[in-house]
Amino acid sequence: EPISTRWTDEIKREIKSSRIRITELVATTINELPEEDRPKVLVSASALGYYGTSMSATFDEQSPGGTDYLAEVCRDWEAAASAAEVER
């Protein structure tokens, strides 16, 4: 779903669902492989939106996650990726 449109509730559901569905499919596919055939890592990059939004704050990897819609999408997206049984 393109994100360059007004984000109605329906569009928000589709944005979130489209990212999580495919990531869950990737994780499930990895987990169904014989262990010796699984990739060692899964690289998944959600978005800077994890940290929330601010006109004045700066964020780094130590910053807490945000509480807005984009932060929620990122948390759920990363949770879907972490379901893959790969080396950590």
Side-chain angles (χ1 to χ4, degrees):
E1 183 68 40
I3 61 172
S4 60
T5 187
R6 185 168 187 270
W7 289 8
T8 63
D9 288 344
E10 182 179 345
I11 295 292
K12 285 181 176 181
R13 278 190 298 277
E14 184 55 35
I15 288 170
K16 185 175 179 180
S17 157
S18 68
R19 280 124 182 99
I20 294 169
R21 259 193 335 258
I22 191 66
T23 304
E24 287 175 339
L25 178 60
V26 168
T28 298
T29 302
I30 288 171
N31 295 345
E32 289 174 350
L33 290 170
E35 194 168 335
E36 63 274 8
D37 294 335
R38 290 182 191 162
K40 292 189 182 298
V41 296
L42 169 62
V43 177
S44 177
S46 53
L48 180 62
Y50 172 83
Y51 300 105
T53 56
S54 172
M55 296 299 287
S56 59
T58 57
F59 303 104
D60 63 25
E61 290 186 359
Q62 306 307 313
S63 301
T67 58
D68 61 5
Y69 166 74
L70 286 178
E72 176 186 326
V73 170
C74 292
R75 272 193 302 281
D76 291 352
W77 194 354
E78 290 178 9
S82 71
E85 296 173 4
V86 295
E87 294 178 10
R88 304 233 186 264

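Please read these numbers as outputs of a predicted model, since none were measured by experiment.
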When rounded to the nearest 0.5 angstrom, what distance separates [atom1] in [X] from [atom2] in [Y]?
X	Y	atom1	atom2	answer
I30	D37	CD1	CG	12.0 Å
S18	I11	OG	CD1	10.0 Å
E14	T5	CD	OG1	12.5 Å
Y51	L70	OH	CG	14.0 Å
E85	L33	CD	CG	10.5 Å

Is the number of heavy atoms from other residues, nucleotides or ligands within 6.0 Å of CD (E61) greater than 12?
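Not buried by this count: 12 neighbours or fewer within 6.0 Å.
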Give a yes-or-no answer on whether the side chains of R21 and S17 include a donor-acceptor pair shorter than 3.5 Å.
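Present: a donor and an acceptor within the cut-off.
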Any side-chain to backbone donor/acceptor pair from N31 onto A27? Under 3.5 Å, distance only.
yes
Counting only N and O atoms by type, is there a donor-acceptor contact under 3.5 Å from the side chain of S82 to the main-chain atoms of A79?
yes
Pairs flagged by side-chain hydrogen bond (donor to acceptor under 3.5 Å, both in side chains) wherever residues 64-81 is involved - sequence neighbours left out
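The answer is K16-E72, K16-D76, T23-W77, S46-E78.
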Ignoring hydrogens, what is the shortest heavy-atom contact between V86 and P39? Give both atom names and the distance.
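Reported closest heavy-atom pair: CG1-O, 3.4 Å.
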List the atom of P64, the atom of Y50, and the distance in Å for their closest heavy-atom pair.
C-CE2, 4.4 Å
Does T58 have any side-chain contact (heavy atoms from CB on, under 4.5 Å) partners at least two apart in sequence or in another chain, and if so, which?
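side-chain contact (heavy atoms from CB on, under 4.5 Å) list for T58, sorted by chain: empty.
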